[in-house]
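One structure is given here, and the rest of the page talks about it.
Residue numbering restarts at 1 for every chain, and letters A, B, ... go by the order of the sequence lines. As a basis for the values below, the full set of heavy atoms in this structure was taken, side chains included, without hydrogen atoms, waters or symmetry mates.
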Number of protein chains: 2
Amino acid sequence: MSLTTPDALAGGPLTDTRRHLLDAATDVFAEKGFREATIREICQRAGANVAAVNYHFGDKEGLYEAVLTACRNDHRNPESHLAMDSSVPPAIRLEAYVRWMFRRVLALDREFPLGQILNREMIEPTPALSRVVEVHIRPEARWLGGLMSDLLGPGFARDELSRATMSVVGQILFYKHCSSVVHFLDETLMPRRDDFEAHVRHITDFTLAATAGLRARREAQSGGASAPADSASPPPFCNPNTPT
Amino acid sequence: MSLTTPDALAGGPLTDTRRHLLDAATDVFAEKGFREATIREICQRAGANVAAVNYHFGDKEGLYEAVLTACRNDHRNPESHLAMDSSVPPAIRLEAYVRWMFRRVLALDREFPLGQILNREMIEPTPALSRVVEVHIRPEARWLGGLMSDLLGPGFARDELSRATMSVVGQILFYKHCSSVVHFLDETLMPRRDDFEAHVRHITDFTLAATAGLRARREAQSGGASAPADSASPPPFCNPNTPT
DNA sequence: CGCTGTTTTAAACTGTCGTTTGACTTTTTG
DNA sequence: CAAAAAGTCAAACGACAGTTTAAAACAGCG
């Protein structure tokens, strides 16, 4: 299996064509997904030969993995910092998170293609799904689960917490995964730059109203009854292979 | 352009091979989507020759459209009737609708492939998207918008109503569009037959708590202020081309 | 039976995409 | 400087998918 390729799997030196290929591949994979992206288009955008991908990265999958390795999540975003700041009230953190994720999902910031690649990976998973989940999705899901726990208060089981978390991201991802249908139904329904904040406020308010209502009901129910041992149950979205 | 095909666009007589092709194509399109479905597999399942599709339906798109024409929505479902019954309280109708849509989305009933085809059409639209939206999606969206209006009460503008409606279907569709990620994150989170009702109840409760909270806030706000002319604004998800 | 129109069939055609090849050029290095 | 290694390039290969073709099989009917 020792091919002529120099360092197909390792990072290797970032020569010019390597960089150009990585940049072009990042854009094309984000725009079209792994399957619909063609090596020919990537090489054309990179100004390289068709054989360059196989030479530098082994094959198409190797290039895709290299793109995933090169992409870093956008944690320098101020919304991200606000959402992560545990000294901020949960309602404010939720709004900051919704705004942050919504921006990434809708690709309102052009210079951040990882969000698009993650979306593609959800709809049409590739062999790199496990890495994508462990590196990018699971940490964020666990964090959001903690925030939802703060909003809902005690007395909720692990799966109830998980479902509430998924209700939040479901509202956001809907606009990405169903964008063609939404656009066709009524193009004014699709978030634009001028009404983006109204969408953020709706999803935040909808979620806050829901959690407040569920919390009030749970507190009224467990007024005298014994609450389930929630603090003993593991937090949601744990890695089952990492028993930490 | 007069080909040798008998009645490529019209329905034509339902000979044996036609029926077998339609049945096989329905299954394959539902399982793999338009793009990944291959004519060769459809013909193999139908026990027909590869040229049969082009002879009977013109091309792959013609077969797809014929499948869409042959598929009818499942309005004989008891949950559908309960949801549509305007004499039933809105909260009950919402729960019935969530159960109905969830079952279609998750394909818990094997004998109803249209739901899968609709899902594929959202993620990867084909030229048949406009027909699919007008025939199947828009009527249901408008109906659900009316139900959300009942839940939210007066005083909500058209786009607020639309966003609330999309918050509901977003929660449901999430499990379909992100099934691979959810399965990988924690396979116990994916709805199964034994905890399906718990998911239905969560989405229903989450939505009911949200609408109740938003309604209470709106009623408190517009205690003395003038409410916007909501009854004059058109209902959500109207067809902009049909000014009825 | 023989003719006609319809349906079926095996095979080939066309285009695309990932990959490989072998010659050529550039860079590194002893 | 010259040999070796690394990189580039045009061209082709092999697989696959949608479509077409032309001959064969079949049906109805005088």
Side-chain angles (χ1 to χ4, degrees), chain A residues 1-25 27-29 31-67 120 124 126-128, chain B residues 1-25 27-29 31-67 120 124 126-128:
Chain A
M1 278 294 183
S2 94
L3 303 173
T4 329
T5 59
D7 31 23
L9 296 182
L14 265 73
T15 144
D16 269 6
T17 41
R18 274 187 94 97
R19 279 191 59 82
H20 293 157
L21 277 177
L22 270 179
D23 290 346
D27 292 343
V28 177
F29 281 138
E31 290 174 24
K32 315 221 167 150
F34 177 77
R35 179 138 190 150
E36 299 226 21
T38 71
I39 289 187
R40 283 177 168 81
E41 180 177 0
I42 293 172
C43 291
Q44 190 180 352
R45 289 205 203 180
N49 189 269
V50 230
V53 166
N54 298 92
Y55 178 75
H56 284 283
F57 300 94
D59 57 359
K60 193 182 174 185
E61 266 190 35
L63 175 59
Y64 186 68
E65 303 241 5
V67 166
R120 298 282 184 179
E124 192 182 23
T126 76
Chain B
M1 279 293 184
S2 94
L3 301 174
T4 330
T5 60
D7 30 24
L9 297 181
L14 265 74
T15 139
D16 269 7
T17 40
R18 276 187 92 98
R19 279 190 58 83
H20 292 156
L21 278 176
L22 270 178
D23 290 346
D27 293 343
V28 177
F29 281 139
E31 290 174 22
K32 315 223 168 149
F34 178 77
R35 178 138 192 148
E36 299 226 20
T38 71
I39 289 187
R40 281 178 167 83
E41 180 176 1
I42 293 172
C43 291
Q44 191 180 350
R45 288 204 205 181
N49 190 270
V50 232
V53 165
N54 294 279
Y55 178 74
H56 284 283
F57 300 96
D59 57 357
K60 194 182 174 186
E61 267 191 32
L63 175 59
Y64 187 68
E65 302 240 5
V67 166
R120 299 281 184 179
E124 191 182 25
T126 75

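When distances are taken from the side chain of Thr17(A) to each of dA12(D), dA12(C), dT8(D), the shortest belongs to dT8(D). Closest to the side chain of Tyr55(B), from the set dT7(C), dT20(D), dT8(D), is dT7(C). The side chain of Thr38(B) has dG18(D) as its nearest neighbour among dT19(C), dG18(D), dC17(C). Taking every side-chain heavy atom of Ile39(A) into account, dT19(C) is the closest of dG18(D), dT8(C), dT19(C). When distances run from any side-chain atom of Ala51(B) to the nucleotides dT20(D), dC17(C), dA12(C), the shortest one goes to dT20(D).
In this structure, Gln44(A) atom CD and dT8(D) atom P are separated by 17 Å, rounded to whole Å. Summarising the geometry, the separation between CG on Leu63(A) and C1' on dG18(C) is reported as 12 Å, rounded to the nearest angstrom. Between the CG atom of Asp16(A) and the P atom of dA6(D) there is a distance of 18 Å, given to the nearest Å. The CD atom of Glu36(A) sits 12 Å away from the C1' atom of dC17(C) (whole-angstrom rounding). In this structure, Asn54(A) places its CG atom 16 Å from P of dG14(D), rounding to the nearest Å. Look at CZ on Phe34(A): it is 8 Å from P on dG18(C), rounded to the nearest Å. Between Arg18(A) atom CZ and dA6(D) atom P there is a gap of 13 Å when expressed in whole angstrom units. In this structure, Asp59(B) places its CG atom 19 Å from P of dT14(C), rounding to the nearest Å.
When each of Arg40(A) and Arg40(B) is assigned the nucleotide of DNA chain C with its nearest heavy atom, Arg40(B) is the one assigned upstream, toward the 5' end.
Contact annotation: the side chain of Cys43(B) approaches that of Val53(B) to within less than 4.5 Å [non-hydrogen atoms, C-beta and beyond]. Tyr55(A) has its side chain out of reach of Thr17(A): every pair of non-hydrogen atoms, C-beta onward, lies at least 4.5 Å apart. When side chains are defined from C-beta on, Lys60(B) does not count as touching Arg35(B), because their heavy atoms never get closer than 4.5 Å.
Under the 4.0 Å criterion applied to side-chain N and carboxylate O atoms, Glu41(A) and Arg45(A) are assigned as salt-bridge partners.
OP1 or OP2 of dT8(D) lies within a sub-4.0 Å distance of a side-chain N or O belonging to His56(A). Phosphate contact (OP1/OP2 of dA10(C), side-chain N/O of Asn49(B), threshold under 4.0 Å): present.
Between Phe29(B) and Phe34(B), the angle of the ring planes stays under 30°, which puts this pair in the parallel group of the 30/60° scheme.
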